[in-house]
Amino acid sequence: MPKWSLRRRPGRTLGLLLLLVLSFLVLRRLNWSTLVPLWLQHQRLGLRTKGPDFILEDSIFQILGGSIHYFRVPREYWRDRLLKLKACGLNTLTTYVPWNLHEPERGKFDFSGNLDLEAFIQLAAKIGLWVILRPGPYICSEIDLGGLPSWLLQDPDMKLRTTYHGFTKAVDLYFDHLMSRVVPLQYKHGGPIIAVQVENEYGSYNKDRAYMPYIKKALEDRGIIEMLLTSDNKDGLEKGVVDGVLATINLQSQQELMALNTVLLSIQGIQPKMVMEYWTGWFDSWGGSHNILDSSEVLQTVSAIIKDGSSINLYMFHGGTNFGFINGAMHFNDYKADVTSYDYDAILTEAGDYTAKYTKLRELFGTVSGIPPPPPPELTAKMVYEPMSPALYLSLWDAIQYMDKPVTSETPINMENLPVNNGNGQAFGYVLYETTIFSSGVLSGLVRDRGQVFLNRVSIGFLDYKTTKITIPLTQGYTILRILVENRGRVNYGNNIDSQRKGLIGNLYLNNKALKNFKIYSLDMTKQFLQRFDMDNWSVIPKELTFPAFFLGALSVGIYPSDTFLKLEGWVKGVVFVNGHNLGRYWNVGPQETLYLPGVWLDKGINKVIIFEETMSGSMVQSTDIPHLGRNQYIN
């Protein structure tokens, strides 16, 4: 068969030439700026400083930003939340990047689904927002271990947030992967990222002077070419400054604004001022009150910041939810774990609804820019569903036969060092420790964070930070001692992050004698964990219940699944899963009284609900269209 040749087809050649000419004439008439997405358009000059001003291209630019964390908002709602940010009169999105979620195992990266950072940034660009990226590696953010992976703590000598080789080696590998995704999205490459933050509030940690220059270089060596920023609060501003990096401040009051701007002026002279975090509210801790900040005070402080000539970022604009077990904790005098809701009393509520703060700030920002903001999107629908009564039951003691084979060890092993998850240990959830005893006495040990103690299947109390000893009553012969330990959240801020290992820490003693020969079950409560329970494993709920236990029920939803809030009156403490999604923890100590259930996670018809309850169950689970976050406490 002869080869095809242009010489054999002169008519086709002429046709191709005519097509090229016509195409050229048509393309000349097209406005490419309407066809090419914002992040692909050619942009020459990035964000710069000129005296007290930011300059973007050739114009003075005031950053009016708001924080939304993609990992705390269902992906299906990203667009809604970003449109509401734009409609508030803001021009910039800021977001953290959680290393612990993106690299759950060494070298195994997850940027899919709700963790699709690139899609989130590109969506912001489509909506017309610039982006300030805060990639850490440490981010604080009231997330477990400040966003650092728990597998780092397998190293007994680990020194987090320093130039310790074990830490920098892990950071380098993570940044190699992360920056390959981020670099193309920078402004000078046609993307929306106008600035990148170097670490986070390091001045208040300040354990290694070489660390921040190392992070700066790690970013630049991997192609970060946009403006670099630091971000510090009043405790660390003077110690957090890095050469060649613009310092910004974090605060909540006008008094702090005046004091920190004075420090900034002395540190870096006349430079653009920016409040990287204006705290629009505050986070809540279990057993405390719900923190709120009056909308009038917010308006006054934001007005003062803008009048002062500062750029501003609202932290948070929309807080979202600590779905699963990702919440962090604080531990200064007492250990305090953060609640599931990250409502934060922010500009939008946990479910994305408008607040008085939104209305007042939208008017203010519209005045500042001189351009009326676009109309706000409609609210997402809320629904009250029929109460759900669980129908089936599986006690933990019966469930362990369906779990993976336990780890056997002469001594207790902490959660992070368990030989599970391809050698990466366990990050979240519970661990069950079992051994045998033959006498009564005093049981003692370090439990992190909360351990329920059982003799055979009978609960005899709890061990935690304050209760480190418990009396074992008289036993007859062979008795199984069990301790169910919960990781309630690793500390995310403070000088003690190196010591955030969970489970039983060191030996467990009975009458000051170390106990031996443990069986250890990993109860990470992942979707894969729950899939081990087949329908024939469950039984009808008996009259006499044994706890802890799993409960299975069905939530009936109509043709339009909508957001709701689950209310667990009569239940004490546990976790709720709907269609495999971990909604987070509930606990009757408050302040949080409901769990947010996004409508996009519901199906029309029957929805599978599993509840893990530690101590006592209620008769039903109700829903409401209004969240209950508990008794209010005004932030001073």
Side-chain angles (χ1 to χ4, degrees), residues 72-74 142 281-293 316 318-330 336-346 348-356 379-390 449-450 486 488-489 525 547-548 551 553 555 562-578 581-599 601-602 607 609-635:
R72 284 184 163 124
V73 181
E142 289 73 62
W282 203 245
F283 56 90
D284 296 338
S285 302
W286 288 114
S289 300
H290 174 50
N291 290 307
I292 63 173
L293 187 62
M316 295 293 297
H318 171 54
T321 308
N322 291 316
F323 292 117
F325 300 117
I326 68 171
N327 65 274
M330 302 289 275
K336 296 180 180 179
D338 301 334
V339 302
T340 299
S341 171
Y342 200 59
D343 178 87
Y344 206 84
D345 195 38
L348 296 180
T349 68
E350 179 181 13
D353 294 334
Y354 300 114
T355 65
L379 293 176
T380 52
K382 307 293 185 296
M383 183 70 70
V384 178
Y385 298 104
E386 289 295 318
M388 183 213 74
S389 296
D449 297 301
R450 184 174 189 261
E486 177 194 12
R488 291 179 52 206
M525 302 283 181
F547 291 94
F551 294 82
L555 178 67
S562 302
D563 288 3
T564 194
F565 301 88
L566 299 185
K567 194 171 184 178
L568 291 103
E569 289 184 350
W571 303 77
V572 176
K573 186 177 186 301
V575 192
V576 177
F577 307 84
V578 177
H581 294 280
N582 186 337
L583 302 189
R585 311 172 215 255
Y586 64 89
W587 196 1
N588 67 356
V589 300
Q592 183 175 350
E593 299 174 4
T594 54
L595 286 175
Y596 174 52
L597 173 53
W601 288 355
L602 292 170
N607 293 264
V609 179
I610 294 178
I611 304 168
F612 177 69
E613 168 60 50
E614 295 180 21
T615 58
M616 187 175 74
S617 63
S619 60
M620 65 177 65
V621 177
Q622 298 173 300
S623 68
T624 175
D625 54 0
I626 301 174
H628 296 275
L629 296 174
R631 181 170 54 87
N632 291 338
Q633 173 177 296
Y634 282 89
I635 303 169

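A donor-acceptor distance shorter than 3.5 angstrom exists from the side chain of Gln592 to the backbone of Ser341, with no hydrogens or angles considered. Between the side chain of Thr594 and the backbone N or O of Leu566 there is no donor-acceptor pair closer than 3.5 Å. For the pair Asn291 (side chain) and Phe283 (backbone), a donor-acceptor distance under 3.5 Å is present. The main-chain N or O of Arg488 is found under 3.5 Å from a side-chain atom of Asp449 such that the two form a donor-acceptor pair. Judged by distance alone, the side chain of Asn607 and the main-chain N or O of Leu555 form a donor-acceptor pair under 3.5 Å.
Residues Val578 and Leu602 form a side-chain contact, since some pair of their non-hydrogen atoms from C-beta on lies under 4.5 Å apart. The side-chain heavy atoms of Trp282 and Leu293, taken from C-beta on, include no pair separated by under 4.5 Å. Contact annotation: the side chain of Arg72 never approaches that of Thr321 to less than 4.5 Å [non-hydrogen atoms, C-beta and beyond]. Using a 4.5 Å heavy-atom cutoff, the side chains of Phe565 and His628 are not in contact. In this structure the side chain of Asp343 reaches within 4.5 angstrom of the side chain of His290, judged on heavy atoms. In this structure, the side chains of Val609 and Val621 stay at 4.5 Å or more apart for every pair of heavy atoms. Residues Pro591 and Leu629 are not in side-chain contact: their nearest non-hydrogen atoms beyond the backbone lie 4.5 Å or more apart. Side-chain contact between Tyr586 and Val575 is absent, with no heavy-atom pair separated by less than 4.5 Å.
Taking CD of Glu593 as the reference point, atom CG of Leu568 lies at 11.0 Å (rounded to 0.5 Å). In this structure, CE in Met316 is found 5.5 Å from OH in Tyr342, a value given to the nearest 0.5 Å. Atom-to-atom distance recorded for Met388:CE and Gln622:CD is 11.0 Å, nearest 0.5 angstrom. Rounding to the nearest 0.5 angstrom, the gap separating the NZ atom in Lys382 from the CG atom in Asp563 is 5.0 Å. To the nearest 0.5 Å, atom OG1 of residue Thr615 and atom CH2 of residue Trp571 are 11.0 Å apart. Taken from CD1 in Ile626 to CG in Asp353, the straight-line distance is 10.5 Å, to the nearest 0.5 Å.
A search for ring pair (Phe, Tyr, Trp, His ring centres under 6.0 Å) contacts involving Phe323 returns Trp601, not counting sequence neighbours. Every residue two or more places apart in sequence or in another chain that forms a side chain to side chain contact (heavy atoms under 4.5 Å, CB included) with Met383 is listed here: Tyr385, Ser562. Contacts of Glu350 classified as salt bridge (charged side-chain N to carboxylate O under 4.0 Å, His left out), with partners at least two apart in sequence or in another chain: none. Among residues two or more places apart in sequence or in another chain, the salt bridge (charged side-chain N to carboxylate O under 4.0 Å, His left out) test is passed with Arg450 by Glu614. Judged as a side chain to side chain contact (heavy atoms under 4.5 Å, CB included), and not counting sequence neighbours, the contacts of Val589 are Trp286, Trp587. Under the salt bridge (charged side-chain N to carboxylate O under 4.0 Å, His left out) criterion, Arg585 pairs with Glu486, not counting sequence neighbours.
Residues Leu583 and Thr340 share a closest heavy-atom pair of O-CG2, 3.3 Å. Among all heavy-atom pairs drawn from Asn327 and Val339, the shortest one is CB-O, 4.0 Å. Heavy atoms only, all atoms of each residue included: Met620 and Pro387 are closest at SD-CB, 3.7 Å. Between Ala329 and Asp338, the shortest heavy-atom contact is N-OD2, 3.7 Å. Taking every heavy atom of both residues into account, Glu569 and Lys567 meet most closely at OE2-CE, 3.2 Å. Met525 and Phe325 make their closest contact through CB-CE1, 3.7 Å (heavy atoms, listed as atom of the first residue, atom of the second, distance).
Only one option out of Thr355, Ile292, Asp284 pairs with Asp345 in a side-chain contact (heavy atoms from CB on, under 4.5 Å); it is Ile292.
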